[in-house]
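Okay, structure first, notes after.
Just so we're clear, the structure is a prediction, and the values are computed from it rather than from any experiment.
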Amino acid sequence: MPVRTDTPITFHRQDYQAPSHWIDQIELDIALIPAKTIVVNRMQVKRNPVHKENILFLNGVEQELISIKVNNHAYEHYEQTAEGLKLFDLPEQFELAITSSCCPEKNTSLMGLYVSNGNFFTQCEAEGFRKITYFLDRPDVMSKYKVTLRAIKQQLPVLLSNGNLVKEEDLGNGWHAVTWEDPFYKPCYLFALVAGKLACIERRIQTESGRSKLLQVWVEAKDLDKTKHAMDSLIASIRWDEKRFGLELDLDRFMIVAVSDFNMGAMENKGLNIFNTKFVLAHPETATDIDYANIESVVAHEYFHNWTGNRVTCRDWFQLSLKEGLTVFRDQEFSADQMGSTSGRAVKRIEDVRLLRQIQFPEDAGPMAHPIRPDSYQEINNFYTVTVYEKGAEIIRMQQTLLGQEGFRKGMDLYFARHDGQAVTCDDFVAAMSDANQKDLEQFKRWYSQAGTPRVHVTESYEAGRYRVQLSQTCPPTPGQANKQPFHIPLLYKLIGVADQNEELFELKDREATIEWTGLSQKPILSINRHFSAPIILEFEQSNAELLTLFANDDDAFNRWEAIQKIYVRHILDKKLLDSDTLKALEDLLLDSHIDPAFKELVFTLPAESYLYEQVAVIEPQELHYARRSIRAQLANSLQNHWLHIYQTLNSDAAYSPDPKSMGQRSLKNLALQLLAESAHASSATLLQEQYTQANNMTDRYGALSAMVQFNHPQTDHYLADFHQRFSNDALVIDKWFMLQATRQPMLDGSRPLLDDIQYLRRHPDFQIKNPNRVRSLIHAFCMNNHAGFHMTSGASYSFWAEQVIELDSINPQVAARLARALDRWQQFASPYREKMESALKSVAAHQQLSADVSEIIQKALQKN
C-alpha cells in the first residue's frame with residue numbers, strides 16, 4: 001500500500017457539490033491476468049452546466065495509466081496526481097476511453113479487484129472502483145454498465161458481472177469472453193465482477209407478477225452441499241419483500257457468490273451479491289444455529305438493498321444510513337416475521353437491542369460518536385459503524401412507531417415513486433414519510449443530525465387516586481456537539497395493575513413533560529419504552545418488588561426481560577448476590593411450560609460486560625467481571641437440579657432442523673449444560689463428553705466444547721485437538737476453534753494468562769494474517785470481546801494490541817482500523833489501565849506510515865475529554 005505522509009483530508013457534508021460531469025454509459029473491457037489486468041474503459045460523458053470550470057477529475061489509484069482518448073483521438077491535456085487524473089479543455093459532450101492496468105494478486109487490502117484462492121473478486125464500496133479504473137468514484141454519478149470479461153478459460157471458466165448475460169464467445173488461444181449488461185442506472189460502488197473456478201446451485205421462481213427469475217448461489221465446488229440454506233433464505237426474502245412492501249425482483253437473474261477473503265459480511269452489488277463465506281455456507285455438522293440465523297439475516301439484508309440502496313441510492317457517503325439503517329430495519333422485520341410467533345418476534349427484538357446496547361451505546365458515548373448522518377469524515381470506511389447501521393435502523397423503526405405499519409408503507413411507496421433511479425438524501429426519505437401521512441417530522445430529523453444516546457428521566461408520584469409521571473430528556477455532549485436540542489421521542493407505555501388499560505403512545509418533544517391519570521384505586525406500575533420504542537437510556541428508579549411484578553406480569557415480553565436485566569445490573573454493580581424473591585421469580589419462569597425456551601435462555605443471560613461499562617463512571621474491568629461471574633455462579637448453583645432436568649428433557653438425537661422452535665430448545669439446553677459445568681455438578685463432566693462425541697450438529701458439539709473451555713474440563717486440551725483434527729479442512733470451523741480459545745474467561749486462580757495462549761495461537765500454522773475472518777476470530781475476539789482476558793493491569797495485552805494494529809495496517813487498513821477501536825474508551829478506565837492504554841495508543845500514533853483509516857481512529861481516541 002502507498003505510504004501516507006500528508007495530513008489526512010477532512011470532508012464535510014455541508015461542502016457537497018454536484019459532480020462536474022455526468023457519465024451516462026460506461027463500457028468496460030477487462031482482460032483478467034493476476035499480475036497485470038488490463039482495463040479498457042469507454043465512457044459517454046456530458047458536462048454539468050452548473051460548473052464553470054471545464055475540468056474533469058477522475059479518481060484513480062494503484063493502477064498504471066496506458067492511454068487516454070477523447071472521441072477516438074489521443075488526448076494529452078491532462079495532469080496525473082497521486083489521487084487520479086485531471087483532464088482539461090474538454091468538449092461539452094464526448095466519449096472518453098482510458099486504458100489502464102492493475103495488479104490484483106498483490107492487492108491485500110481486498111478493495112477494488114483482487115485475487116483469492118486463484119479466483120478474481122471485487123469490492124467497490126465505498127471507494128474501491130478507483131483501484132480498477134479511472135472514474136468519478138462517487139455515489140451520485142449513476143450510469144448504465146456493459147461489461148466484457150476476458151480470461152483463459154481453463155483458469156477462469158466462470159465470468160460473472162452485474163445484470164443480464166448477453167453474450168458468450170470463444171476467442172481462440174484458450175481465451176473466452178462473456179458480456180453482461182445492466183439495464184438499470186447505478187453508481188460505481190455497485191459494480192462487481194467475479195471470475196474463477198466456481199460451481200452453483202440454481203432455482204427458478206416466478207414473481208407475483210408471473211415473471212420467471214433465475215437464482216444462483218456460486219461457491220467453490222467442494223462447498224455446494226452447504227448452499228441450500230442460503231438459497232432458501234434468498235427465496236424467502238424475495239417473497240417477503242413482495243408481500244410486505246410490494247417490491248419485486250427486477251433483473252432476470254440474481255446471483256450470490258461466496259469468497260473467504262472479504263472485509264465485510266457481504267456486498268449488495270446490483271444482481272451480483274458477493275458474500276463472505278461465513279454468511280453463505282451452512283451444514284448441520286459445520287454451522288451453528290447462530291450461523292444459520294446470520295445467513296438468513298445477511299442474505300435478506302443484501303437482497304433488500306436491491307431497492308433500498310440500489311434502485312434508490314445515496315447522494316453522498318454522509319447519507320450512508322439512508323440505505324443501511326433502512327435495510328437493517330427491513331432485515332430485522334423479515335427475521336422477526338420468520339420466527340412465526342409473537343414470542344419469537346420478542347426474542348428477535350431483544351437480540352437486536354442487546355447488540356445496540358453492547359456496541360452502539362458505547363460508541364455513542366466515546367470519541368468516535370457521530371450522528372447516523374455524520375457531518376465530517378477523513379476516511380469513509382470508518383463510518384460503516386453500528387451507529388449508521390443499528391441505530392439507523394432504530395430511527396427508521398421509530399418512524400414506523402409514529403406512523404403505524406400502514407402509514408410507514410404509504411411513506412415507502414411515495415419514497416420509491418419519487419426517487420426510483422435517483423441518488424438522494426436522508427431528508428428525502430423523511431419528507432416522503434411526512435408527506436404520505438401529513439405528519440410533521442421536522443423535529444424528528446434531529447435524530448439524523450445529533451449524536452449521542454438521549455437519556456429520559458422518569459419520576460412518578462401517587463396520591464389520592466392521582467398518578468403522575470414526569471418525563472425529562474437530556475443528551476450528553478459529544479465531539480463537536482456540546483449542546484443538544486430536544487429529540488422527538490416516541491414512548492410506548494402501559495399501566496400494569498389497572499384494568500382495561502391499553503398500550504398508548506406518548507410523543508416526548510419537550511425537555512420536560514407530564515402524563516397524569518386520576519380515579520385510580522391504587523398506584524399502578526409503569527411499563528414504559530415498551531418494545532424498546534426509542535433507543536434511549538431510561539433513568540427510572542423502580543424497586544426490586546416493582547421490577548419483579550413487571551417480570552411476572554407485563555404483557556410486553558421485551559419489558560419482562562428488561563425488568564430482570566435491571567435487577568441483574570443493580571446487583572452486579574452493588575457486588576451483591578440475588579435475593580430469595582428474585583431467585584424464586586426466576587425459578588417460576590424457568591419451570592413455566594408456556595414460555596418459549598428461547599425467551600428463557602435470554603432471561604438467564606446476564607448483561608454483557610461492555611454494557612456494564614456504560615453503567616459506571618470509572619471502569620474497573622476485573623471487578624465487574626468477577627461480580628458478574630458471581631451472579632452467574634449463583635444462578636448455576638441455586639437452580640442446579642432444574643438445569644439437569646431441563647438438559648435431560650431437551651436433549652434429543654432427532655435430526656437437525658434450523659427452525660425457530662428447535663433453535664430455542666437447543667439454546668436453552670446448551671445454557672443448562674454450561675451452568676451445570678459452572679456449578680461443577682457431579683454429572684457435568686460426563687454430559688459434556690457425551691454431548692461432544694455424540695452430537696449430530698455443530699451447535700451441540702460446539703456448545704459442549706465451549707463449556708469445557710470456559711469451565712476448565714480436565715480433558716479440554718484433548719477435545720480441542722480432536723475438534724481441530726475433525727474440521728482441519730473447513731476454514732470457517734477453524735475460525736470457531738480460534739475464537740473459542742480467544743474468548744476463554746480467565747482462570748479464577750490467575751494461572752495460565754490468556755495472552756500466552758493468544759501469542760501461541762498467533763504463531764499457529766493455521767493463523768493467516770491476510771485473511772480477515774481469521775484475524776477477527778483470534779485478534780479481534782481477544783482484544784474486543786474478551787474484556788476480562790484483555791484488560792490486564794500489566795498492560796501487556798495493550799502492547800500486543802498495538803503491534804497487531806501496526807502490522808495489519810500495512811496489509812489491510814480496514815481490518816486494522818476496526819481493531820484500533822479496542823482502546824477508544826481508555827479515558828473511562830481506572831488506573832493503571834488508563835495510563836497503559838494511553839501509552840499503547842501513543843505508540844501506534846507515533847508510527848510513521850499509518851493509513852488514513854487507522855490514523856483517524858487513533859487521533860480521535862487520543863483527544864482528551
Side-chain angles (χ1 to χ4, degrees), residues 1-5 8 61-62 103 105-112 114-116 123 131 260-264 276 368 378-379 381-382 384 731 734-735 737-739 741-743 753-786 789-792 794-824 826 836-862:
M1 59 170 291
V3 175
R4 187 177 188 93
T5 57
V61 296
E62 298 180 27
C103 183
E105 67 180 5
K106 291 185 178 180
N107 183 4
T108 63
S109 72
L110 309 184
M111 289 292 293
Y114 65 94
V115 175
S116 172
Q123 172 58 37
K131 291 187 174 186
S260 59
D261 292 304
F262 203 67
N263 286 338
M264 303 181 182
N276 191 318
M368 281 293 291
Q378 292 178 7
E379 174 50 64
N381 290 323
N382 287 335
Y384 283 75
I734 298 303
D735 285 340
W737 183 80
F738 276 103
M739 185 174 291
Q741 296 173 84
T743 53
L754 186 54
L755 182 59
D756 293 348
D757 289 355
I758 303 302
Q759 291 173 325
Y760 170 77
L761 291 167
R762 176 69 178 76
R763 298 187 297 271
H764 194 280
D766 285 344
F767 183 79
Q768 302 164 15
I769 192 69
K770 293 182 180 180
N771 179 262
N773 283 354
R774 195 54 49 88
V775 171
R776 285 187 283 261
S777 70
L778 179 65
I779 300 173
H780 281 65
F782 172 60
C783 296
M784 304 189 78
N785 298 332
N786 191 341
F790 179 61
H791 293 295
M792 303 164 55
S794 69
S797 292
Y798 305 148
S799 298
F800 171 81
W801 164 86
E803 293 166 2
Q804 306 311 305
V805 169
I806 290 170
E807 181 177 359
L808 280 165
D809 194 40
S810 67
I811 299 168
N812 189 325
Q814 280 194 48
V815 175
R818 281 162 175 75
L819 179 62
R821 300 191 62 171
L823 301 192
D824 65 4
W826 64 276
K836 295 183 184 297
M837 291 165 114
E838 182 181 19
S839 177
L841 283 162
K842 287 181 175 178
S843 72
V844 175
H847 191 69
Q848 295 300 307
Q849 298 181 3
L850 287 184
S851 66
D853 307 61
V854 171
S855 178
E856 180 175 25
I857 300 292
I858 299 299
Q859 287 175 16
K860 289 184 175 180
L862 282 169

Considering all heavy atoms of both residues, which atom of [X] and which atom of [Y] are nearest to each other, and what is their separation?
X	Y	value
Ile858	Ala845	CG2-CB, 3.7 Å
Gly112	Asn107	C-ND2, 4.2 Å
Arg774	Ala731	NH2-O, 3.0 Å
Trp801	Leu819	NE1-O, 2.9 Å
Asn773	Arg776	OD1-NH2, 2.9 Å
Pro813	Ser851	CB-OG, 3.4 Å

Nearest 0.5 angstrom please: [X] [atom1] to [Y] [atom2], how far?
X	Y	atom1	atom2	value
Ser797	Gln804	OG	CD	11.0 Å
Asn786	His791	CG	NE2	9.5 Å
Ser843	Ile806	OG	CD1	5.5 Å
Ile734	Met739	CD1	CE	13.0 Å
Phe800	Leu755	CZ	CG	6.5 Å

Which residues pass the salt bridge (charged side-chain N to carboxylate O under 4.0 Å, His left out) test with [X], sequence neighbours left out?
X	value
Lys836	none
Lys770	none
Asp261	none
Glu379	none

Keeping [X] on the side-chain end and [Y] on the backbone end, is there a donor-acceptor pair under 3.5 Å?
X	Y	answer
Ser855	Ala852	no
Thr108	Ile811	yes
Asp824	Ala861	no
Glu62	Lys131	no
Arg818	Gln814	yes

What pairs with [X] under side chain to side chain donor-acceptor pair (under 3.5 Å), at least two apart in sequence or on another chain?
X	answer
Asn785	none
Asp766	His724
Glu807	Arg762
Tyr114	none

Does some side-chain heavy atom of [Y] sit less than 4.5 Å from a side-chain heavy atom of [X]?
X	Y	value
Ser260	Ser116	yes
Ile779	Phe767	yes
Trp826	Leu841	yes

*Side chains of Asn382 and Asp853, donor plus acceptor under 3.5 Å*: no

*List in chain and number order the residues that pass ring-ring contact (aromatic ring centres under 6.0 Å, His included) with Phe782, two or more places apart in sequence or in another chain; answer none if no residue qualifies.*
Phe790

*Please name all residues satisfying ring-ring contact (aromatic ring centres under 6.0 Å, His included) with His780, sequence neighbours left out, ordered by chain then number.*
none

*side chain to side chain contact (heavy atoms under 4.5 Å, CB included) partners for Leu761, two or more places apart*: Trp737, Phe738, Gln741, Leu778

*Who pairs with Ala816 by side chain to side chain contact (heavy atoms under 4.5 Å, CB included), at least two apart in sequence or on another chain?*
Leu808, Asp809, Val854

*asked:* Among Leu823, Ile857, Leu850, which residue satisfies the side-chain contact (heavy atoms from CB on, under 4.5 Å) criterion with Val844?
replied: Leu850

_Gln123 vs Asn263, side chain to side chain contact (heavy atoms under 4.5 Å, CB included): CA-CA, chis, key distance, verdict_ = CA-CA 9 Å; Gln123 172 58 37; Asn263 286 338; 5.7 Å; no

